[in-house]
Amino acid sequence: SQKIEQNSEALNIQEGKTATLTCNYTNYSPAYLQWYRQDPGRGPVFLLLIRENEKEKRKERLKVTFDTTLKQSLFHITASQPADSATYLCALAYNTGGFKTIFGAGTRLFVKA
Amino acid sequence: GAVVSQHPSWVICKSGTSVKIECRSLDFQATTMFWYRQFPKQSLMLMATSNEGSKATYEQGVEKDKFLINHASLTLSTLTVTSAHPEDSSFYICSAGAPGSGNTIYFGEGSWLTVV
């Protein structure tokens, strides 16, 4: 079965630095990959989507890369701020006659002032 | 972005009773909604896909008689946890894909269920 691996340990970085989060998957590549932010006790909030034929996507301070050879996506937050502290989820969508989405366990990011 | 609303945000119920959670798409019609369950520090686990006007599709290992899903309209899906037990206590989240959003999934705020 498909597995998604995200850094299980929390990532601690200093304000102003770039945070890089990793999402690795096994088996076959998804039709598209998404990144979500989840704050404690809240539902996930969509951030970025990247398709299998795209290498990179940017949105303000966020950047996502997608390497189907390495079966990996990297999520970058530049000029990080304490408000960026949250759990970031990687989600892979597969077309199985309808899109089915599988989520990683998420990586907790702490940005220190 | 599109808005998905859940109600209630949190609920406490006694063991053996049933509790209903609602999921509404406020500004778009959703033929398909999804129900997830999330335990602390764990991933979202897809429980079932709710299809408007037809039966829900349950993931392997999810008891359909325990987690009743009804998608009676294009803007409302409900999840009823029947004969709830303490082990059913969890964070339940619904989501829906908004048409024209490039397959982006929008999530509700989630519902905390505590069974005592």
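The chains referred to below are lettered A, B, ... by the order of the sequence lines, with proteins before strands, and numbering in each begins at 1.
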Is B:Q38 close to chain A through its backbone or its side chain, or both, or neither, when contacts mean heavy atoms under 4.5 Å? side chain
Tell me whether the rings of A:Y36 and A:F46 are parallel (<30°), tilted (30 to 60°) or perpendicular (>60°). perpendicular
With chain A, the option among B:L44, B:T49, B:T32 that has the most non-hydrogen atom pairs under 4.5 Å is B:L44
Check the side chains of B:W35 and B:S77 for a donor-acceptor pair under 3.5 angstrom, ignoring hydrogens and angles. yes
Side chains of B:W112 and B:S90 only: does a donor on one sit below 3.5 Å from an acceptor on the other? no
Contact origin within B:L46 toward chain A - heavy atom pairs under 4.5 Å: side chain
What part of A:Q38 gets within 4.5 angstrom of chain B, counting heavy atoms only: side chain, backbone, both, or neither? side chain
Can you name the one residue among A:T65, A:N24, A:L33 that meets side chain to side chain contact (heavy atoms under 4.5 Å, CB included) with A:Q72? A:N24
